[in-house]
Chemist: 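Input: one structure, supplied below.
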2 protein chains.
Amino acid sequence: MKGEGKPTINDVAAAAKVSKKTVSRVINKSPLLSEKTREKVEAVIREMGFVPNLQARALALRRNFIIAAIHDNPNAQFLVNVQQGVMEAIAGSEFALMVQPFDRNSASFEDDVRAFLERQRPHGVVLLPPLSSDENLVALCRETGTRYVRMSSIKNDDAAHIVSSNDREAVRQATEYLIASGHRRIGLIDGPVGFTSPQERRGGFEEALVAAGIPLLPELFRPGAYTFESGVEAARDLIALADPPTAIFACNDEMAIGAMITCRRNGLRIPQDISVVGFDDTPLSSHVWPSLTTVRWPIVEMARVAALKLIGPPEAAAEHPWLLPSTLVKRESVTPPA
Amino acid sequence: MKGEGKPTINDVAAAAKVSKKTVSRVINKSPLLSEKTREKVEAVIREMGFVPNLQARALALRRNFIIAAIHDNPNAQFLVNVQQGVMEAIAGSEFALMVQPFDRNSASFEDDVRAFLERQRPHGVVLLPPLSSDENLVALCRETGTRYVRMSSIKNDDAAHIVSSNDREAVRQATEYLIASGHRRIGLIDGPVGFTSPQERRGGFEEALVAAGIPLLPELFRPGAYTFESGVEAARDLIALADPPTAIFACNDEMAIGAMITCRRNGLRIPQDISVVGFDDTPLSSHVWPSLTTVRWPIVEMARVAALKLIGPPEAAAEHPWLLPSTLVKRESVTPPA
DNA sequence: GTAATCATTGACACCGGTGACAAGGATCGT
DNA sequence: ACGATCCTTGTCACCGGTGTCAATGATTAC
């Protein structure tokens with residue numbers, strides 16, 4: 001310890017009168033060490049306040065302790081939930097979480113991602129939807145030797161590299177719940193085109209209708225963009241129909257709430273005049289009035305599992321579950337039709 | 001290039017038949033280099049797809065390229081805005097963003113922060129509110145030699161280490177707007193006790209009342225916790241008063257919206273029967289009906305400036321502005337009292 | 001023409017850890 | 001008592017960059 005700066009492993013070694021390798025063994029909890037020296041060195045470490053330099057470790061080990069969440073998702077609650085899940089997984093470990101948004105509309109999108117992966121060389125990345133369904137990114141991860149886990153609704157049994165939720169099934173159940181309540185004209189507000197998540201959700205919706213022998217009427221299917229405004233628009237169109245639906249399923253909560261507000265602005269009571277079901281279970285959904293019946297999407301859990309797959313030994317990645325249940329949360333926005 | 005793994009500076013040096021130091025000069029754009037060798041080496045770098053290893057760089061330079069956002073803030077929109085601001089500042093640079101939440105209620109809070117700083121040794125940290133008002137953390141940053149910028153409403157002219165917004169003034173203006181509209185009984189829903197931001201906001205509110213000669217009536221001051229539910233409760237109490245207020249200022253949007261919904265549930269029309277003003281300008285505030293008049297808090301800008309202060313040369317940190325304007329956004333939730 | 005100066009480039013140690021392997025001392029069996 | 005074996009510990013090179021300073025060759029000054 002030269003009086004300045006943080007003590008290094010050399011300082012500790014000198015102070016404890018052992019080799020730096022021995023100190024290294026202590027901080028790595030190597031089993032081939034006598035109890036006596038371990039205690040001696042640990043005492044010195046404590047006394048000097050030595051903390052190993054992660055940069056040096058990263059260089060020597062040729063791997064660092066960074067989990068990166070890569071996304072192009074503007075939804076705040078989603079992102080924060082993901083961050084929470086990852087943090088739960090890495091809490092207490094040496095790992096840290098890096099967050100990196102990308103613009104998928106940029107011409108340099110893939111180059112940007114590649115530059116990030118090659119520069120930061122994170123230990124592992126969690127690919128968040130909707131960007132996670134991009135096969136090029138997966139190829140990029142493979143190419144750069146980056147461990148990855150996709151969070152996606154894609155069908156895929158590569159359990160080591162994906163975490164998914166059974167959205168289709170959950171939406172089917174939600175729709176069956178509407179049908180069981182007596183609804184037969186149910187509007188759907190779709191998610192953005194080309195994204196995988198709304199495909200699954202819509203799929204579950206359609207399956208339920210088909211199973212109940214209810215025809216799929218084009219006028220009841222409305223486009224959406226996962227935004228509040230698109231929910232407003234879609235609902236406006238739906239309730240303007242000659243024979244409007246008695247219930248609406250929106251592919252996410254934000255649109256569902258846009259729909260609720262639009263219905264109310266147009267004099268419809270919820271749920272007496274029209275029932276609404278959403279998807280996500282954002283905090284908001286329990287704050288609106290009436291509270292929103294929705295499908296709980298286990299983002300936090302998915303993110304936690306994704307991170308666990310990344311920080312554990314590679315061969316154990318597939319041992320964590322890859323499919324987590326989305327579940328129907330019944331609140332106040334559904335009632336039998338008048 | 002040994003056929004395996006990424007090429008290193010040594011591989012490039014060998015291939016270009018120059019010393020590794022010369023390659024180092026090229027990647028650092030050193031001016032003392034002949035144009036000829038620069039081009040030759042750059043060609044080899046491109047051809048081999050060489051990307052310098054940040055870990056090694058970090059070790060040699062004894063500094064890394066990580067900006068960490070440290071927080072104990074559960075508000076999703078806030079966090080994402082901060083992340084966006086930081087990303088705007090570091091886009092195109094070598095820097096990356098790390099996000100680290102802490103639990104201020106934990107007994108090991110300070111130890112946790114210390115462990116994070118000492119292990120990751122980020123190049124700089126942005127301390128987010130409310131944790132940013134903790135002087136112990138600032139001391140910790142100093143002690144560990146970590147560059148920091150506080151995002152806070154604290155009064156402080158240490159321009160190199162703080163980014164603030166003139167919340168007090170903005171709230172005063174918002175309140176003056178209510179007063180100018182004819183309101184004289186205005187309820188306040190406070191923020192959590194012990195936090196600095198609600199102090200400023202309440203301060204601006206009181207200043208405006210005092211300046212207008214309106215007495216500060218205790219029954220019109222209600223506690224809050226920045227949560228939707230606390231807004232609900234406070235509003236319930238306010239409208240239950242024998243002489244209820246004709247307007248409410250809530251210290252954040254979430255409470256304001258809780259208040260709006262509560263008023264409506266109790267048969268009050270907004271803004272005809274009661275006006276509401278919030279603070280934050282979350283996306284939500286323009287989505288509710290009627291849309292919420294609120295104070296726009298420039299989080300993205302503050303975060304961007306904070307990051308700029310961190311990534312630039314230390315002596316230039318104070319040159320960036322430290323005070324950014326919060327501004328009143330007039331929407332539909334305010335009208336003169338009946 | 002030669003010394004002085006400048007622009008380029010290289011040699012080498014170092015940042016703070018780790019892995020591979022060797023060495024030292026204690027313990028064991030015979 | 002002796003070598004074989006095991007348990008601990010140390011030596012040394014290396015991870016992939018950077019700083020310092022010296023060496024080289026080209027240019028300039030006189």
Chemist: Could you tell me whether the phosphate oxygens of C:dT9, OP1 or OP2, come under 4.0 Å of any side-chain nitrogen or oxygen in B:S34?
Modeler: yes
Chemist: Looking for any heavy atom pair under 4.0 Å, which part of the strands does B:V18 touch: base, sugar-phosphate only, or nothing?
Modeler: sugar-phosphate
Chemist: Need one value for A:L33: base, sugar-phosphate or nothing, where a base atom within 4.0 Å counts as base even if backbone is also close, heavy atoms only.
Modeler: sugar-phosphate
Chemist: Base, sugar-phosphate, or nothing: which does B:L59 touch, judged by heavy atoms less than 4.0 Å apart?
Modeler: base
Chemist: Would you classify B:L32 as touching base, sugar-phosphate or nothing, given that sugar-phosphate means primed atoms plus P, OP1 and OP2, and contacts are heavy atoms under 4.0 Å?
Modeler: base
Chemist: Hey, does the side chain of A:T22 come within less than 4.0 Å of D:dT9's phosphate (OP1/OP2), counting only N and O?
Modeler: no
Chemist: Which of the following nucleotides, D:dG16, D:dT9, D:dT18, is nearest to the side chain of A:T37?
Modeler: D:dT9
Chemist: Of the options C:dG17, C:dG10, D:dG16, whose atoms approach the side-chain atoms of B:A60 most closely?
Modeler: D:dG16
Chemist: For a quick test of reading the model: is some side-chain N or O of B:N10 closer than 4.0 Å to OP1 or OP2 of D:dG17?
Modeler: no
Chemist: Less than 4.0 Å between a side-chain N and a carboxylate O, is that true for B:R114 and B:E143?
Modeler: yes
Chemist: Within this structure, what is the CD1-to-P distance between B:I9 and D:dC15, rounded to whole angstrom?
Modeler: 13 Å
Chemist: Are B:F102 and B:H71 near enough that their ring centres are under 6.0 Å apart?
Modeler: no
Chemist: Out of C:dT9, C:dG17, D:dG17, which nucleotide sits closest to the side chain of A:N53?
Modeler: C:dG17
Chemist: Rounded to whole angstrom units, what separation is found between the CZ atom of A:R57 and the C1' atom of D:dG17?
Modeler: 20 Å
Chemist: Sort me out a list of protein N/O and nucleotides 25-27 of chain D N/O pairs below 3.5 Å, or just none if empty.
Modeler:
none

Chemist: OP1 or OP2 of D:dT18 sitting under 4.0 Å from any side-chain N/O of B:S24?
Modeler: yes
Chemist: Expressed in angstrom and rounded to an integer, what is the separation of B:E118 atom CD from C:dG16 atom C1'?
Modeler: 16 Å
Chemist: Do A:Q83 and B:Q83 meet the criterion of a side-chain donor-acceptor pair at a distance under 3.5 Å?
Modeler: yes
Chemist: Quick one: do the B:R62 and A:N53 side chains pair a donor with an acceptor below 3.5 Å?
Modeler: no
Chemist: Provide, to the nearest angstrom, the distance between the NZ atom belonging to A:K40 and the P atom belonging to D:dT9.
Modeler: 8 Å
Chemist: Quick one: on DNA chain C, does B:P31 or A:K21 contact a more 5' nucleotide (nearest heavy atom)?
Modeler: B:P31
Chemist: Atom CG of B:L54 and atom P of D:dC15: how far apart are they, to the nearest Å?
Modeler: 18 Å
Chemist: Send over the distance from B:R63 CZ to D:dG19 P, rounded to a whole Å.
Modeler: 10 Å
Chemist: Should the pair A:E110-A:R104 be classified as a salt bridge under the 4.0 Å nitrogen-to-oxygen rule?
Modeler: no
Chemist: Taking donor-acceptor contacts at under 3.5 Å, does the side chain of B:K20 reach the base of D:dG17?
Modeler: yes
Chemist: Hey, does the side-chain of A:R25 have a donor or acceptor N/O within less than 3.5 Å of a partner on the base of D:dG10?
Modeler: yes
Chemist: Got a salt bridge between B:R150 and B:E135, using NZ or NE/NH1/NH2 to carboxylate O under 4.0 Å?
Modeler: yes
Chemist: Atom CG of B:D11 and atom C1' of D:dG16: how far apart are they, to the nearest Å?
Modeler: 10 Å
Chemist: Measuring only between side-chain heavy atoms, which start at C-beta, is A:F116 closer than 4.5 Å to A:I70?
Modeler: yes
Chemist: Is the shortest side-chain N to carboxylate O distance from A:R57 to A:E94 below 4.0 Å?
Modeler: yes
Chemist: What's the closest nucleotide to the side chain of B:F50 if the choices are C:dC21, C:dA11, D:dG17?
Modeler: D:dG17
Chemist: For the pair made of CZ in A:R62 and P in C:dG17, what is the distance, rounded to whole Å?
Modeler: 17 Å
